[in-house]
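A short write-up of the structure that comes next.
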Number of protein chains: 2
Amino acid sequence: MASSGPRSQRADWQRNHERLLAAARPLVARDGAQVSLEQVAREAGVGSATLHRHFPSRRALLDEVFREAVEHLRRRGDELVDGDPGAGLLTWLEELTVAAVETRGLTASLEADADGGPSSAADCHGVVREATVHLMDRALAAGAVRPGTSPDDLLALVTAISLANEGNPAAARRLLRLACDGVRP
Amino acid sequence: MASSGPRSQRADWQRNHERLLAAARPLVARDGAQVSLEQVAREAGVGSATLHRHFPSRRALLDEVFREAVEHLRRRGDELVDGDPGAGLLTWLEELTVAAVETRGLTASLEADADGGPSSAADCHGVVREATVHLMDRALAAGAVRPGTSPDDLLALVTAISLANEGNPAAARRLLRLACDGVRP
DNA sequence: CTACGATATGGGGTGCCACCCCGTTTGTCC
DNA sequence: GGACAAACGGGGTGGCACCCCATATCGTAG
């Protein structure tokens with residue numbers, strides 16, 4: 001289960017994998033999800049074919065780039081499970097939104113994949129979804145959330161807001177609050 | 001005011017303008033906002049330089065493509081002003097969302113422009129914004145909407161939902177309702 | 001009806017990109 | 001150290017947005 005290092009891959013494979021991720025991180029931070037894959041390969045000192053072999057899709061690259069950040073979010077989710085269920089869920093949604101909006105490209109990895117499968121090994125969407133489901137279960141049981149609300153819908157709402165407000169935490173926060181409070185008084 | 005036809009342009013300019021829009025309409029319907037501008041020009045039987053001269057930005061092309069559709073929406077907004085303020089606003093938001101999600105590329109024209117100015121003559125965002133403001137004023141006065149809610153935020157929420165759910169009216173509707181009702185019971 | 005100047009055109013260039021083919025290099029294991 | 005699988009990467013293909021500038025077309029003044 002704990003695939004800390006793919007032992008079955010050749011040494012140069014691991015080396016290049018690291019180099020690609022190291023090159024990708026600052027470029028993704030600057031350019032977001034639309035980062036030029038060619039440039040990542042160039043910066044890593046690696047042929048573009050190699051990049052495409054290591055990461056069959058843009059999403060696969062982003063998912064690995066954001067592995068740590070998402071792991072961090074997951075741990076934060078675990079912490080919030082210990083507090084008030086209603087407040088915990090809202091705090092989680094807000095912190096999730098802010099992280100997504102402040103970290104260029106992250107939203108792309110949090111979105112539900114159009115294809116069904118958990119394509120990537122570092123499935124960012126899956127990890128965040130699980131944490132959300134957990135927090136929602138508690139909030140639902142405590143009656144802090146309208147019954148019938150789906151965690152997937154809630155997550156879709158957060159990613160939609162994040163996607164449309166990349167780099168603008170204030171606006172994203174405002175829209176999230178609006179959505180949580182509802183339009184009617 | 002009524003700029004039905006730019007009289008100051010040469011005849012061939014108008015002819016090519018029409019051809020470009022006629023070519024763009026089906027292609028945008030198929031490919032959405034990411035339509036290839038080269039292909040539009042090719043299909044219109046026009047050099048790509050001409051397309052770029054007629055439409056200095058992708059947004060400018062989309063805005064003209066959706067002029068009629070947005071005009072239609074605006075009229076629908078006028079109708080809704082005559083009914084119940086609260087229900088009218090919610091109906092408006094829902095119809096707006098469904099139209100945006102079902103009409104590929106439309107959301108791009110409804111989004112607030114990153115740049116400040118009303119860049120395009122056929123300012124789709126502006127038209128829809130005005131209708132939204134009007135309906136919100138009435139709903140606020142009737143106490144059907146939480147005070148302090150901004151029409152721009154509401155519109156941003158609708159476009160965010162639409163952008164992330166292009167081609168999926170059911171999901172978009174669900175998220176909109178979720179946002180209108182709020183998360184808490 | 002003609003000639004002329006402003007207006008508009010478009011072929012082709014530049015620089016970028018994703019993605020892939022296939023001959024070559026590099027690890028690895030015996 | 002040798003053989004074989006695994007990995008690599010230069011370079012090709014096809015596509016795109018956007019622009020330059022020599023050429024063609026339009027509308028009008030005479």
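Everything numeric here is computed off the predicted structure, so don't read it as measured data.
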Spell out, as yes or no, whether a donor-acceptor pair under 3.5 Å connects the side chain of [X] to the backbone of [Y].
X: A/Arg173; Y: A/Thr97; result: no
X: A/Arg59; Y: A/Ser109; result: yes
X: B/Arg138; Y: B/Gly83; result: yes

Can I get a per-line list of side-chain donor-acceptor pairs under 3.5 Å for residues 139-148 of chain B, giving both atom names and the distance, sequence neighbours left out?
| from | atom 1 | to | atom 2 | distance (Å) |
| --- | --- | --- | --- | --- |
| B/Arg146 | NE | A/Gly182 | O | 3.4 |
| B/Arg146 | NH2 | A/Asp181 | O | 2.5 |
| B/Arg146 | NH2 | A/Gly182 | O | 3.1 |
| B/Arg146 | NH2 | A/Arg184 | O | 3.2 |

Under 3.5 Å, side-chain donor or acceptor atoms of residues 154-163 of chain A against the rest of the protein: list the pairs with distances, not counting sequence neighbours.
| from | atom 1 | to | atom 2 | distance (Å) |
| --- | --- | --- | --- | --- |
| A/Thr159 | OG1 | A/Leu155 | O | 3.2 |
| A/Thr159 | OG1 | A/Ala156 | O | 3.0 |
| A/Ser162 | OG | A/Val158 | O | 2.8 |

First and last nt of DNA chain C near chain A, cut-off under 4.0 Å to heavy atoms, 5' to 3', are C/dC17 to C/dT28

Rounding to 0.5 Å, atoms CG (B/Leu89) and CG (B/Leu80) come to a distance of 9.5 Å

How long is the span from the CG atom in A/Asp31 to the CD atom in A/Gln34, to the nearest 0.5 Å?
8.5 Å

Let me know which of B/Arg15, B/Gln9, B/Arg10 forms a side-chain hydrogen bond (donor to acceptor under 3.5 Å, both in side chains) with B/Asp12.
B/Arg10

So, are A/Arg67 and A/Glu64 salt-bridged, with charged N and O less than 4.0 Å apart?
no

If the sugar-phosphate is the primed atoms plus P, OP1 and OP2 and the base is the rest, what is the B/S/- string for nucleotides 4-13 of chain D, using protein heavy atoms under 4.0 Å?
-BBSBBBB--

With the threshold set at under 4.0 Å for non-hydrogen atoms, list the residues of residues 21-37 of chain B touching DNA chain D in residue-number order.
B/Val35, B/Ser36, B/Leu37

Which atom pairs, donor and acceptor, lie under 3.5 Å between side-chain atoms of residues 35-45 of chain A and protein residues at least two apart or in another chain?
| from | atom 1 | to | atom 2 | distance (Å) |
| --- | --- | --- | --- | --- |
| A/Ser36 | OG | A/Glu38 | N | 3.4 |
| A/Ser36 | OG | A/Gln39 | N | 3.1 |

